[in-house]
Amino acid sequence: MISTSLTYISSLLLICSSIVYLTNRSKLKIFEYLPAIVIIYFVIVLLSIFGLWDTSSIEIKQTKTSLEGLILPIMLFLMLIRCDIRMVFKLGRKLLIAFFGASISIMIAFTIMYIVMGRYIAPDAWKGFSALSASWMGGTGNMLAVKQALQTPDNQMGYILLTDSISYTIWFAFLFALISRASIFDKWVKASPIEEHFDKIQLDDPYNIKKDIDFVGIFLLLALAFTATDIAKMLSVYLPETTMISGETWTILLVTLFGFVVAMTP
């Protein structure tokens with residue numbers, strides 16, 4: 001049973017990296033429907049249940065709390081660092097309206113589901129519904145950011161990821177079945193192929209970044225990510241908190257803002 005911080009961190013890194021490596025290299029169909037994050041979560045849960053880590057250890061508890069509060073903002077900053085918001089706006093009015101329309105409809109649907117079913121699940125079930133809706137609006141990274149910001153209980157995340165994975169599989173099967181009808185739908189809504197918009201964005205890229213990041217660049221980005229997280233945590237102390245918006249929420253929002261700002265620089 002693992003009870004020290006170093007072994008705890010190294011075991012998590014080894015498990016996560018092995019699963020990501022396997023899902024990227026393997027040609028098994030199952031990995032098309034079960035993304036690495038879902039497999040990682042359930043493997044970690046199972047190993048925890050079978051006692052690989054001593055969850056009662058004070059050292060493990062402190063390490064876990066520190067990692068959750070530090071790693072997510074850093075990863076969020078790094079994820080956003082190539083998301084130049086100006087390029088997003090160049091996608092065009094119709095695509096932006098479609099995106100925001102879809103996002104608003106998802107929020108409304110999840111709100112209705114919480115009102116109808118939330119009382120039968122748990123008093124704080126709204127946190128789980130929020131994290132799940134975030135996944136549908138912005139993917140797994142967005143889900144984890146909302147989970148951390150709202151401090152969604154870990155015992156809800158297993159159900160959230162399972163629901164997300166099942167819904168994702170059914171929905172994509174439905175979309176794949178309609179691929180042959182895509183041209184008919186595009187003609188009906190007067191839509192142009194998405195590839196045309198991406199080509200336009202690439203031509204308009206003001207920095208024309210083509211080369212891969214080098215070893216020195218990796219360290220520079222890590223330094224920026226840690227610094228951005230540190231500044232966000234310091235500023236969050238001075239911002240107002242409510243029952244829904246905590247210091248963690250402000251940290252996530254500020255790091256997101258910093259990521260967008262840095263993404264608009266060479």
Side-chain angles (χ1 to χ4, degrees), residues 1-76 78-79 117-118 120-136 139-169 222 225-226 229 233 246-249 251-252 255:
M1 183 180 289
I2 295 172
S3 59
T4 61
S5 297
L6 180 59
T7 314
Y8 174 67
I9 295 172
S10 60
S11 62
L12 286 175
L13 287 172
L14 181 62
I15 293 166
C16 293
S17 59
S18 298
I19 292 173
V20 171
Y21 180 84
L22 180 63
T23 55
N24 284 341
R25 293 301 181 93
S26 176
K27 295 182 180 179
L28 293 175
K29 281 286 183 180
I30 189 173
F31 295 132
E32 295 180 10
Y33 303 102
L34 285 176
I37 183 64
V38 175
I39 299 173
I40 286 171
Y41 193 89
F42 282 106
V43 168
I44 296 295
V45 168
L46 287 174
L47 291 175
S48 181
I49 291 172
F50 288 117
L52 179 61
W53 301 283
D54 182 7
T55 53
S56 63
S57 167
I58 296 176
E59 189 174 350
I60 294 291
K61 287 181 178 178
Q62 291 176 341
T63 303
K64 181 176 180 292
T65 302
S66 299
L67 284 175
E68 287 179 346
L70 180 64
I71 296 299
L72 182 63
I74 290 172
M75 293 299 135
L76 187 61
L78 292 174
M79 183 179 71
M117 300 182 62
Y120 300 112
I121 301 174
D124 59 351
W126 62 273
K127 295 182 179 181
F129 278 93
S130 299
L132 187 54
S133 66
S135 174
W136 278 76
T140 304
N142 198 41
M143 176 184 68
L144 294 176
V146 171
K147 183 260 184 189
Q148 183 70 18
L150 298 180
Q151 297 180 343
T152 305
D154 288 336
N155 59 2
Q156 291 188 21
M157 288 304 295
Y159 299 107
I160 291 168
L161 286 166
L162 183 60
T163 303
D164 189 37
S165 183
I166 293 172
S167 301
Y168 166 89
T169 302
L222 286 174
F226 271 88
T229 301
K233 283 184 175 292
S246 64
E248 291 289 339
T249 308
T251 300
I252 295 296
V255 166

[X] versus [Y], closest heavy-atom pair with distance:
| X | Y | value |
| --- | --- | --- |
| Leu78 | Leu222 | CD1-CD2, 4.2 Å |
| Lys127 | Pro153 | CD-CD, 4.2 Å |
| Thr7 | Thr4 | OG1-OG1, 2.8 Å |
| Ser135 | Met143 | CB-CB, 3.6 Å |
| Thr249 | Leu150 | OG1-N, 4.5 Å |
| Thr152 | Val146 | OG1-O, 4.4 Å |

Drop me the distance from [X]'s [atom1] to [Y]'s [atom2], to the nearest 0.5 angstrom.
| X | Y | atom1 | atom2 | value |
| --- | --- | --- | --- | --- |
| Ile60 | Ile9 | CD1 | CD1 | 8.5 Å |
| Ile19 | Ser26 | CD1 | OG | 13.0 Å |
| Lys147 | Leu132 | NZ | CG | 14.5 Å |
| Ile39 | Cys16 | CD1 | SG | 11.5 Å |
| Gln151 | Asp124 | CD | CG | 11.0 Å |
| Thr251 | Leu76 | OG1 | CG | 11.0 Å |

Should [X] and [Y] count as side-chain neighbours, where that means a heavy-atom distance under 4.5 Å?
| X | Y | value |
| --- | --- | --- |
| Ile2 | Leu52 | yes |
| Tyr8 | Glu59 | no |
| Leu22 | Leu28 | no |

Within 6.0 Å of CG in Leu46, more than 12 heavy atoms from elsewhere: yes
Short question: side chain of [X], backbone of [Y] - any donor-acceptor pair under 3.5 Å?
| X | Y | result |
| --- | --- | --- |
| Ser57 | Ser3 | yes |
| Thr23 | Val20 | yes |
| Ser48 | Ile44 | no |

Pair Ser5-Thr63, side chain to side chain donor-acceptor pair (under 3.5 Å): steps then yes or no: CA-CA 6 Å; Ser5 297; Thr63 303; 2.7 Å; yes
